[in-house]
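One structure is given below, encoded as structure tokens.
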Amino acid sequence: MYFTNNVGFYTQRVFPNFMKNLTFLFFYSLFFYILFFNKSIFAQSQDYIFPIKTKPGQAYIAGNMGEIRGQHFHLGLDIGAMTGTEVLAVADGYAMYAEVSPVSYGKLLIIYHPTLQQKSVYAHLDDFAGNIGDFIRKTQISEKKTEVKIDFPKEKPEFLVKKGQVIGYVGNTGISGGAHLHFEIREKNDIALNHAIFGFKEMPFDNLPPNIKKIAVTPLQNNARVEGEFLKHTFIPEKTGRGTYQLQNPIKVTGEIGLEVFAEDIIPNSPHTFSILKIELLLGENDNLEKYWVCDLQKIDYTKNRVMLTHIAPSQNPKDVFQKCYVSDGNILNNYPIQKNKGKIQLKDGEKMNFSLILYDEKGNKSVLKGVFLGEKLQKNAVLNKKSATNTEKPKNEEQEDLSPKILYEIHENTLKITTKNIKELPEDAFLTFKGMRQNAQKAYQINTEKENFAVYIWDLRDGLPDGIEIGEVREPLFFRKTIYPNKKTEKSENNKENFFEMDFFADENEKIYNKIRINFNQNSLFDTLYLELKPFQNGFWIGDIDVPLWNNINIQYFLANENLFNEKQLFYFGHTQAINTNIQQKGIFEINTRKMGGYYLLEDHTPPSVQLASKNPFRLNVSDKGDRGFFGSGIASYQANLNGKFVILEYEPKENKLFIRPSSKEPPLSGKLEVKIKDLAGNEAIMNYEL
């Protein structure tokens, strides 16, 4: 009766007061839930300060999360500042780990924040501060070496840090291109986090969308084609507005293909380019597009960072870094929340498919590219008339341009692509040889241009590894040795033949002397199946393809048959430029562990490093290692200094080829007899003495 006869009173007075109290209780409960049960979210926007003092919006950023750098994703911020600028602890915690190295992160400090259950990382430091710096220095002196790795005792009072405490100073140590702080925040399991979620007010303003520069479409199976060819094609989109792009013409495709994109982000008034943190590929008919594949790089697993090599696609121009919009074999990153058919696209004959690529930067600014795929039927032995060859890929065995008839080849996934050059008569079949036996590979298609005609033949390497190709009267030898499969647990043993390869080869054909190469592929050496190529020559060998990435090391043993040729000063050189430290097991046996495919040469280095005094106060040396040939040597391996017979910390800066002793306000000036020993990778040693 009350609610029936007093509806007006209830709706005007009681109900509004009830809802007001309910709203208050809801937000009050939500506040305590965030504070106590979801503190990590609350902490992300409240508990961290910026690691360098600067005004809001004025931080100089030279790099950010997710950039593709060499062999890895960049996992943090590069904050530009003058050498010696104070670096601050971003929250309360304790020193967890420190490292001093002339390479990699240089001088590195990691702080753990137990309340937040996260780590902060500070790299390329010029020096450490306070008790932490004192402990690192004592460790160096006690271990009598400059390069150290330190796991700090947990939560010791002398290693506790407070938010805002000075923990180090900006530097340029390690692999660094200028003075800056490399800064990361990671979860305790080493998952790096996008710094944008922490809302640092010091970050510069950014309202510019990413710049989409190129896309590429590549065939993923031997029966796939792009514009009629088994070839990656690159397209430059037309910019139609702010953050909008359009492909002018449809892309004709056959079979399973993959889409790739080269794009960069920009920030107002910055000379640098930055990363794309999220990519979405949408497919559909007309305007009904659905998400087909998504890549999200706002969290990256540090322990899997090298898997980035499977996320990017090789390019002729190293400046053009294409990201695959599909998940290739061997890619185990957890950054693809949506991946229908792993992002790989396949159209039926005559089918029309619209697509959109949507790219986001760290601030959420986005760019959109629209295009169309047209499905075509596979035509065997097709003849394509073009104004010029569209092949932008340079086959590995193509050298200087000449007019002699040649056979070129390259490997794509499981497919051996064979291309003729300067061969006038183009037969229907190429012949592949297998230890004297011949099998034919049919012509896939022929291209006629204004300058020349050439043919392309396709062979599936899963059907066998040929040792040669014959087209007409032209023959090209091949050096395939074995198919090596990934993720096979092996031991370095002659009894294990699965991922183990060994061969003899002539060191001297006249005297019939054989050297030997033995290669062991460890578990997780490979991302994907490898069709192993190995071409030995007198002073070394060529292994694999430099574009094929390795995840973990392979072990190579090199046996010299003629012990008279053995010299302890011999080392492997990669591509004649970089020395690879060699373990000499016994006379005539060299062993290396490497993650690089390519050419290795066994050369000698008998020349010790060159040392010149730059100054005595502060003490600095100019050092170089040019080797026997006078332009490169094996490289600096170790360095040490003793003052009046006692160890002093001698630092090495390889970018500037300098060795120096850092002046200390806590110690007296250097005085007395200083002995410096510098050794290269071949064991050559230079010993210098100075009176200070």
Side-chain angles (χ1 to χ4, degrees), residues 70-72 99-106 143-149 173-175 306 492 515-522 524-525 534 536-537 539-544 546 549-560 565-611 623-640 650-655 657 659 676-687:
Q71 309 290 310
H72 62 276
E99 184 173 327
V100 178
S101 171
V103 295
S104 188
Y105 281 124
E143 295 184 6
K144 293 185 178 181
K145 58 182 182 180
T146 301
E147 299 175 33
V148 293
K149 297 180 179 180
T173 58
I175 300 177
R306 190 174 171 84
K492 190 168 61 178
N515 287 349
K516 180 184 291 185
I517 297 175
R518 181 181 293 168
I519 305 174
N520 185 71
F521 290 83
N522 302 305
N524 296 325
S525 288
L534 179 61
F537 42 84
N539 293 318
F541 53 88
W542 183 280
I543 178 173
I546 57 175
L550 295 173
W551 188 0
N552 291 323
N553 285 333
I554 60 175
N555 174 267
I556 302 174
Q557 291 176 303
Y558 189 86
F559 300 80
L560 287 179
L565 299 176
F566 171 76
N567 191 300
E568 291 183 352
K569 301 298 184 182
Q570 289 172 318
L571 281 175
F572 278 110
Y573 284 77
F574 176 73
H576 268 281
T577 58
Q578 180 181 356
I580 307 297
N581 202 0
T582 310
N583 172 36
I584 302 175
Q585 292 186 334
Q586 62 189 59
K587 188 174 182 179
I589 303 177
F590 298 87
E591 181 179 37
I592 58 172
N593 293 290
T594 181
R595 291 196 297 188
K596 292 183 178 180
M597 298 284 201
Y600 285 87
Y601 302 81
L602 193 62
L603 300 177
E604 297 178 9
D605 180 5
H606 299 85
T607 307
S610 171
V611 183
V623 59
S624 63
D625 187 49
K626 296 184 179 180
D628 295 354
R629 301 191 173 203
F631 54 89
F632 72 87
S634 57
I636 303 299
S638 64
Y639 45 91
Q640 186 170 327
L650 181 67
E651 300 189 37
Y652 177 41
E653 177 45 73
K655 295 189 295 292
N657 294 318
L659 285 161
V676 178
K677 295 181 180 180
I678 307 168
K679 188 178 292 187
D680 66 16
L681 286 169
N684 303 300
E685 187 174 52
I687 301 177

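- Side chains of Asn522 and Asn520: a donor on one and an acceptor on the other come within 3.5 Å.
- Here the side chain of Arg595 pairs a donor or acceptor atom with the backbone of Trp551 at under 3.5 angstrom.
- The backbone N or O of Ser610 sits nowhere less than 3.5 Å from a side-chain atom of Lys626 that would complete a donor-acceptor pair.
- Distance check, rounded to the nearest 0.5 Å: OG of Ser638 to NZ of Lys677 gives 10.0 Å.
- Here the straight-line distance linking atom CZ of Phe572 with atom CG of Leu681 works out to 14.0 Å at 0.5 Å rounding.
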Could you walk me through whether Ile543 and Ile554 pass the side-chain contact (heavy atoms from CB on, under 4.5 Å) check? CA-CA 11 Å; Ile543 178 173; Ile554 60 175; 4.0 Å; yes
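- With rounding to the nearest 0.5 angstrom, the CD atom of Glu604 is 11.5 Å from the CD atom of Glu568.
- Looking at Glu591 and Ile556, their side chains never come closer than 4.5 Å, going by heavy atoms from C-beta outward.
- The side-chain tip of Lys587 does not point at the ring of Phe566 from less than 6.0 angstrom away and within 45° of straight on.
- In this structure, Tyr558 and Gly540 approach most closely via the heavy-atom pair OH-N, 3.6 Å.
- Partner of Phe537 under the ring pair (Phe, Tyr, Trp, His ring centres under 6.0 Å) criterion, chosen from Tyr600, Tyr601, Trp542: Tyr601.
- Remark: the Gln640 side chain and the Lys679 side chain contain no N/O donor-acceptor pair separated by less than 3.5 Å.
- Contact check for Val676 versus Ile687: no side-chain heavy atoms found under the 4.5 Å cut-off.
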Should Val148 and Glu143 be marked as a side-chain contact (heavy atoms from CB on, under 4.5 Å) after you check the CA-CA gap, both sets of side-chain angles, and the distance that decides it? CA-CA 8 Å; Val148 293; Glu143 295 184 6; 3.7 Å; yes
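- In terms of modelled atom types and a separation under 3.5 Å, the side chain of Asn552 and the main chain of Asn524 share a donor-acceptor contact.
- Side-chain contact, Asp628 with Thr607: a donor N or O sits under 3.5 Å from an acceptor N or O.
- In this structure, Leu534 CG and Met597 CE are separated by 10.5 Å, a value rounded to the nearest 0.5 Å.
- No donor-acceptor distance shorter than 3.5 angstrom exists from the side chain of Ser104 to the backbone of Gly106, with no hydrogens or angles considered.
- A salt bridge does not link Lys145 to Glu147: none of the charged nitrogens lies less than 4.0 Å from a carboxylate oxygen.
- The nearest pair of heavy atoms linking Gly174 to Lys655 is O-NZ, 2.7 Å.
- Environment of NZ in Lys149: sparse, with no more than 12 heavy atoms of neighbouring residues, nucleotides or ligands closer than 6.0 Å.
- Closest heavy-atom contact between Asn684 and Pro609: O-CD, 3.7 Å.
- The residue from Asn581, Thr582, Asn555 that alone fulfils the side chain to side chain donor-acceptor pair (under 3.5 Å) condition with Asn593 is Asn555.
- At distances below 3.5 Å, at least one donor-acceptor pair connects side-chain atoms of Ser101 with backbone N or O atoms of Val103.
- For Ala579 against Gly633, the heavy-atom pair with the smallest separation is CB-O, 4.3 Å.
- Distance check: Gln570 CD to Leu603 CG gives 8.5 Å after rounding to the nearest 0.5 Å.
- Between the side chains of Ser634 and Asp605, a donor-acceptor pair is found at a separation under 3.5 Å.
- Glu685 approaches Pro608 most closely through the heavy-atom pair O-CB, 3.6 Å.
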Residue pair Phe559, Phe590: steps toward the ring pair (Phe, Tyr, Trp, His ring centres under 6.0 Å) verdict: CA-CA 7 Å; Phe559 300 80; Phe590 298 87; 9.9 Å; no
Step by step, work out the side-chain contact (heavy atoms from CB on, under 4.5 Å) result for Lys516 and Gln557. CA-CA 8 Å; Lys516 180 184 291 185; Gln557 291 176 303; over 6 Å; no
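- Distance check, rounded to the nearest 0.5 Å: CD1 of Ile678 to OH of Tyr639 gives 10.5 Å.
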Could you go through Tyr652 and Ile636, starting from their C-alpha distance and side-chain angles, then the distance that decides it, and tell me whether this counts as side-chain contact (heavy atoms from CB on, under 4.5 Å)? CA-CA 9 Å; Tyr652 177 41; Ile636 303 299; 3.5 Å; yes
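- Residues Leu571 and Leu602 fail the side-chain proximity criterion, which asks for heavy atoms closer than 4.5 Å.
- Under the 4.5 Å side-chain criterion, counting only non-hydrogen atoms from C-beta, Leu659 is not in contact with Val611.
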